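Shown next, in C-alpha cells, is the structure this report addresses.
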2 protein chains.
Amino acid sequence: MTEYQNILRNINRYVELNEQDEQEFTSIIKTSSVKKRQFIVQPNFVCEFQTYVEKGAFRSYFVSDEGEDHTIQFAIEDWFISDFNSYISQEPASLFVEALEDGIIHQIAYQDVENLCEKNPKFERFFRLVAQKSFAYAQKRVLSNLGKSAEARYIEFQAQYPTIVQRVPQYALASYLGMSAEFLSKIRKRLSKA
Amino acid sequence: MTEYQNILRNINRYVELNEQDEQEFTSIIKTSSVKKRQFIVQPNFVCEFQTYVEKGAFRSYFVSDEGEDHTIQFAIEDWFISDFNSYISQEPASLFVEALEDGIIHQIAYQDVENLCEKNPKFERFFRLVAQKSFAYAQKRVLSNLGKSAEARYIEFQAQYPTIVQRVPQYALASYLGMSAEFLSKIRKRLSKA
DNA sequence: AAATGTTCTTGAACTAGTTCAAGATTTTAT
DNA sequence: ATAAAATCTTGAACTAGTTCAAGAACATTT
C-alpha cells in the first residue's frame with residue numbers, strides 16, 4: 001500500500017490510469033501535515049493549490065464586511081478543498097481554509113495541473129468531470145435548502161452527513177447552515193426533547 | 001457572417017478552433033426559436049441539452065415544496081443555460097427553464113458533447129474551462145451576497161447587471177435575490193425617493 | 001490539578017423581511 | 001379598442017430568526 005493509494009483510487013473513479021499516468025500524477029503531489037487551527041488558505045494570498053484531504057477535517061469560510069463568518073464547505077477524508085475561485089483565476093483568495101483537526105494533505109499546484117492536463121488528456125478529462133460534478137453538486141446544495149426553515153435545513157444536513165455533524169464545531173455548522181450559533185443550539189434542544 | 005458566429009466566438013475565447021474544429025462543433029448544434037413563456041426544460045424530464053442564447057432572455061427556477069419559486073439563473077445573449085445537474089447526470093430535472101421573451105437558441109445534446117470531447121481534446125479543454133469558470137462564478141455569487149441585507153443585494157445586482165434588471169419581471173428578480181416580490185417593490189420605492 | 005481559552009446554552013428584547021389582501025397599472029390577445 | 005390576464009404597489013399584522021449578555025461546560029496548556 002502506497003502513500004498515494006487513496007487519492008489515486010479517487011481519480012480512478014473517473015478515468016483509468018495506467019502506471020505511467022499514475023507516476024505523472026504522483027510526481028506533482030506535495031504532501032504535508034497540518035495542525036488543528038492552521039490555515040492552508042488565507043485572504044489576499046493566491047490559493048496556489050488544490051488540497052486533497054488524506055486525514056483530518058477542514059472548513060473553508062468567508063468573513064463578511066460585518067465580521068460574521070460563513071462556512072462554505074467542509075472537507076474530510078477523500079475530499080478536495082480550496083478557494084476554487086482564487087485557484088482557477090490565480091488571483092488573491094477571499095476565503096480561509098482552516099484545519100479543524102490535525103491532519104495530512106496532498107496538494108497539487110495550479111501550474112503543475114495545467115501542464116499535466118496539456119500533456120495528458122486523461123487528466124484534462126478528469127478535471128473536467130470533477131469541475132462539472134462540483135458545480136452540479138454546489139447547485140444541488142443550494143436547491144435543497146431553498147425555502148426551508150432553519151430547523152429543516154439542520155435536520156436534512158444531519159440526516160445526510162451525520163459524521164460531519166459530530167466532527168465539526170457547532171458554530172461552524174451553524175454558519176454553514178446559514179443561522180446564528182445560538183439559534184442552532186435552540187433547535188438542537190427542541191429536537192432532543194421531542 | 002454565419003449563423004454560428006456568436007457561439008463560435010464564445011468558444012474561441014477559451015481555445016483556438018481551426019475550420020475543421022468549427023465544423024465538428026457546428027455539426028452538432030440544433031437551432032430553434034422559442035416564444036415568451038415557453039419552457040425549454042421542465043422538472044421530471046431529463047435536460048438533454050445545454051442551451052446557448054443567441055437572442056432573448058431566459059431564467060431557470062426551482063419551485064419548492066411550499067410552492068414558492070426561486071430563480072437560479074438569468075441568461076441573455078451569449079450565455080449558456082440549463083439544469084446543469086440534470087444535464088450532467090442525465091437524470092430528471094428539478095428546474096424549469098423558461099423564456100422571458102421570444103428568442104433564438106442553439107442547443108447541443110449531452111451525448112454529442114461527450115463524443116466530441118472524446119474525439120477532440122480541444123473540446124474536452126473548452127468544457128473543462130467553462131465548467132470550472134461556472135463553478136467559480138457560482139461560488140462568487142454566493143459569497144458576494146452573504147451577510148448582506150435585501151436592499152444591499154438589490155443595489156449590487158442593479159449596479160452589476162443593469163440590463164437584466166430592466167429586462168426581467170420584478171417577481172423573477174425578487175426570487176433571484178431571495179426576497180418577496182412585495183419587499184422588492186418597497187425597496188425600490190424607498191430608493192427612488194432617496 | 002489549576003488556570004486559561006474555547007465552545008455551548010439560555011432567556012429577553014428586538015427587527016428585517018413575510019404574508020395577506022385589495023386595488024392600480026401594464027401587457028397581451030381578440 | 002376592449003377585455004382579460006399578468007404584474008406591481010401599498011399598508012397592516014405578524015414571525016422566524018437575530019442580537020446581546022452572562023453563565024455553564026468542555027478542552028487545552030502549564
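In the text below, chain A, chain B and the rest are named by the order of the sequence lines, each starting its count at 1. Note: hydrogens, waters and symmetry copies are ignored here, and every other heavy atom, side chains too, is used. Being a predicted model, the structure only gives us computed values, none of them experimental.
- Between F74(A) and F58(A), the ring center distance fails the sub-6.0 Å criterion.
- Close to dT10(C), at under 4.0 Å from its OP1 or OP2, lies no side-chain N or O of R190(A).
- Residue R153(B) contributes atom CZ, which lies 9 Å from atom C1' of dG17(C) at whole-angstrom precision.
- In this structure, the nucleotide among dC8(D), dT10(C), dG17(C) sitting nearest to the side chain of K189(A) is dT10(C).
- Considering only side-chain N and O atoms, K36(B) lies under 4.0 angstrom from the phosphate OP1 or OP2 of dT28(C).
- The overall bend of the helix from dA1(C)-dT30(D) to dT30(C)-dA1(D), read as the angle between its terminal helix axes built from five base pairs each, is 60° when rounded to 10 degrees.
- Listed pair K186(B) / dT9(D) fails the phosphate criterion, with no side-chain N or O lying under 4.0 Å from OP1 or OP2.
- Between D102(B) atom CG and dA29(C) atom C1' the separation is 14 Å, expressed in whole Å.
- Rounded to a whole Å, the CD1 atom of I187(A) is 12 Å from the P atom of dT9(C).
- Atom CZ of F183(A) is separated from atom P of dA21(D) by 20 Å (rounded to the nearest Å).
- Using a 4.5 Å heavy-atom cutoff, the side chains of E22(A) and Y4(A) are not in contact.
- Side-chain contact between L95(A) and L143(B) is present, with heavy atoms from C-beta onward closer than 4.5 Å.
- The pair D78(B)-K55(B) does not meet the salt-bridge criterion, since no charged nitrogen lies less than 4.0 angstrom from a carboxylate oxygen.
- Between M179(A) atom CE and dA16(D) atom P there is a gap of 14 Å when expressed in whole angstrom units.
- Between the CD atom of E101(B) and the P atom of dT7(D) there is a distance of 13 Å, given to the nearest Å.
- Side-chain nitrogen and oxygen atoms of R37(B) include none within less than 4.0 Å of the OP1 or OP2 phosphate oxygen of dT27(C).
- Rounded to whole angstrom, the span from the CG atom of L177(A) across to the P atom of dT18(D) amounts to 11 Å.
- Going from atom CG of D69(A) over to atom C1' of dT18(D) covers 16 Å, rounded to whole Å.
- Between R125(A) and E124(B), at least one side-chain N (NZ, or NE/NH1/NH2) sits under 4.0 Å from a carboxylate O, which counts as a salt bridge.
- If K148(A) and E182(A) are placed on DNA chain D by their nearest nucleotide, the residue sitting closer to the 5' end is K148(A).
- Closest to the side chain of S185(A), from the set dT10(C), dT18(D), dT18(C), is dT10(C).
- Taking the nucleotide of DNA chain C with the nearest heavy atom to each of S180(B) and A172(A), the more 5' of the two is matched to A172(A).
- Between L116(A) and E24(A) the shortest side-chain heavy-atom distance falls below 4.5 Å.
- Nearest to the side-chain atoms of P169(B) among the listed nucleotides dC8(D), dG17(D), dT9(C) stands dC8(D).
- In terms of hydrophobic clustering, with Ile, Leu, Val, Met, Phe, Trp and Tyr side chains grouped at heavy-atom distances under 4.5 Å, I164(A) and Y154(A) are assigned to a common cluster.
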